[in-house]
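This report concerns only the one structure given below.
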Amino acid sequence: MLILGIETSCDETGVALFDSEKGLLADDLHSQVDMHRLYGGVVPELASRDHIRRIIPLIDDIIKRAGVSRKDIDAVAVTEGPGLAGALLVGTSVAYAVGAALGIPVIGIHHMEGHLLSCLLSGHPPKFPFVALLVSGGHTQLLYVKAPRDYELLGETLDDAAGEAFDKTAQILGEAYPGGPIISKFAEKGTPGKIVLPRPLLNSGNLDFSFSGLKTAVVNVYHKAPKPITEQIKYDLARAFVLVHKTEKALKQTGAKALVVAGGVSANSQLREALTKMCKKRNCEIYFPPSRLCTDNGAMIAAAAAFHLDHLKDFMAPAGFSIKPRWQLTEDVKS
Ligand code: KG4
Ligand code: ZN
């Protein structure tokens, strides 16, 4: 079955053609990062307008590259939420227009389910059940994934997402948006343990996270440091970001023998290194999406849709369509 995947929930226009038997045939992406960098973060109205400009040429391009014709497409998968309302509306409008024109079903996908299942696009996909650490610019969650569409929320952030903490830290250090890749690079040169940032909720007894205090802690370290700020302080500060403890606890609690780490922040090399070490110690397998598919993309949305094909008739010829800017993965996806 040939699935066209569309992702426009934030600042990336992502499209892909995924064959449920052959795998990923073609994908393409336009990142708006350069446009939003001028403003230090995503400007929703500009994001929507840019998605409108990019989406159709991107779809035409992957159809050509995959060597298929429009009529070969069997279903459209689109990010229905969560995300920016205007940006989601662009992707869903195009998806439902394509669905109506071709008479094919349109499958609304939860953005985080896309991230979660993006690891299945690697050459070495995990087997169910597993624990998943989802770390992106908008979400930080620990899930117990028993089977596709059977997700149990173990813990989540009570305030900022991990990616947001990276972005805000970079901003305080005077670096450009988005902060994750810069902090990741800085941390490679940092000394582990040189600067210790507070880890709220570390001993809370549950699996929730909190990152908003990190911002204040970074500001304090920054202001107390001798001026001018040395590059080494930036590196040491970046090195102080860790997320491992609660993930290990989730593995212990569930008894799972595999961990999946996904979402934009899963591109972070220190995080990968620390979690890999922890999993080795616990005799656990660890899985990441292919590096280029860690941040938002259309391939993960199409691949996630492949797990909904058994109830395809639910997605046929809808009278209208909706978006879900706020949407809990564990509540609605199971149906
Ligand atoms: O998953 P994603 O592309 O979008 C959302 O769903 O939010 O994640 C974007 C986030 C941003 O906060 C960005 O700073 C962060 O992922 N990020 C990273 C790295 N690359 C992107 N964070 C840490 N290290 C990286 N290498
Ligand atoms: Zn994302």
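In this text, all values refer to a predicted model and were calculated from it rather than measured experimentally. Atoms within each ligand, like the ligands themselves, are counted from 1 in listed order. In this chain, residues are counted from 1 in sequence order.
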Indicate the ring-plane relationship of [X] and [Y], choosing parallel, tilted or perpendicular according to the 30° and 60° boundaries.
{"X": "His124", "Y": "Tyr287", "answer": "tilted"}
{"X": "Phe209", "Y": "Phe211", "answer": "parallel"}
{"X": "Phe128", "Y": "Phe307", "answer": "perpendicular"}

Check: [X] N/O within less than 3.5 Å of ligand 1 N/O:
{"X": "Met112", "result": "no"}
{"X": "Gly263", "result": "no"}
{"X": "Phe166", "result": "no"}
{"X": "Cys294", "result": "no"}

Within the 4.5 Å heavy-atom criterion, are [X] and [Y] side-chain neighbours or not?
{"X": "Met278", "Y": "Thr247", "value": "yes"}
{"X": "Val218", "Y": "Leu197", "value": "yes"}
{"X": "Pro82", "Y": "His139", "value": "yes"}

Under 4.0 Å to a heavy atom of [X] - the qualifying atoms of ligand 1, by number:
{"X": "Gly163", "result": "12 (O)"}
{"X": "Ala267", "result": "26 (N)"}
{"X": "Ser184", "result": "24 (N), 26 (N)"}
{"X": "Gly138", "result": "7 (O)"}

Would you give the length of the straight line joining atom [atom1] of [X] to atom [atom2] of [Y], rounded to the nearest 0.5 angstrom?
{"X": "Leu202", "Y": "Ser210", "atom1": "CG", "atom2": "OG", "value": "11.5 Å"}
{"X": "Thr8", "Y": "Arg54", "atom1": "OG1", "atom2": "CZ", "value": "14.0 Å"}
{"X": "Lys257", "Y": "Glu285", "atom1": "NZ", "atom2": "CD", "value": "10.0 Å"}

Have a look at [X] and say which of its N, O or S atoms is nearest the Zn ion (ligand 2).
{"X": "His111", "value": "NE2"}
{"X": "Asp296", "value": "OD1"}
{"X": "His115", "value": "NE2"}

Does ligand 1 have an atom that lies less than 4.0 angstrom from a heavy atom of [X]?
{"X": "His111", "value": "yes"}
{"X": "His115", "value": "yes"}
{"X": "Pro181", "value": "yes"}

I need the nearest protein heavy-atom contact for [atom]: residue, atom name and distance, please.
{"atom": "atom 9 (C) of ligand 1", "answer": "Gly137 N, 3.6 Å"}
{"atom": "atom 18 (C) of ligand 1", "answer": "Gly180 CA, 3.3 Å"}
{"atom": "atom 17 (N) of ligand 1", "answer": "Gly264 O, 3.5 Å"}
{"atom": "atom 3 (O) of ligand 1", "answer": "Asp296 N, 3.1 Å"}
{"atom": "atom 13 (C) of ligand 1", "answer": "Asp167 OD1, 3.8 Å"}

Handout entry: Verdict with reasoning, Asp208 to Lys246, per salt bridge (charged side-chain N to carboxylate O under 4.0 Å, His left out)
Key = CA-CA 8 Å; Asp208 289 332; Lys246 296 263 168 147; over 6 Å; no
Passing option when Leu17 is tested against Ile3, Ile59, Asp72, Leu2 for side-chain contact (heavy atoms from CB on, under 4.5 Å)
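By the side-chain contact (heavy atoms from CB on, under 4.5 Å) criterion, Leu17 pairs with just one of Ile3, Ile59, Asp72, Leu2: Leu2.
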In terms of heavy-atom contacts, Lys215 and Ile172 come closest through O-CD1, 3.7 Å
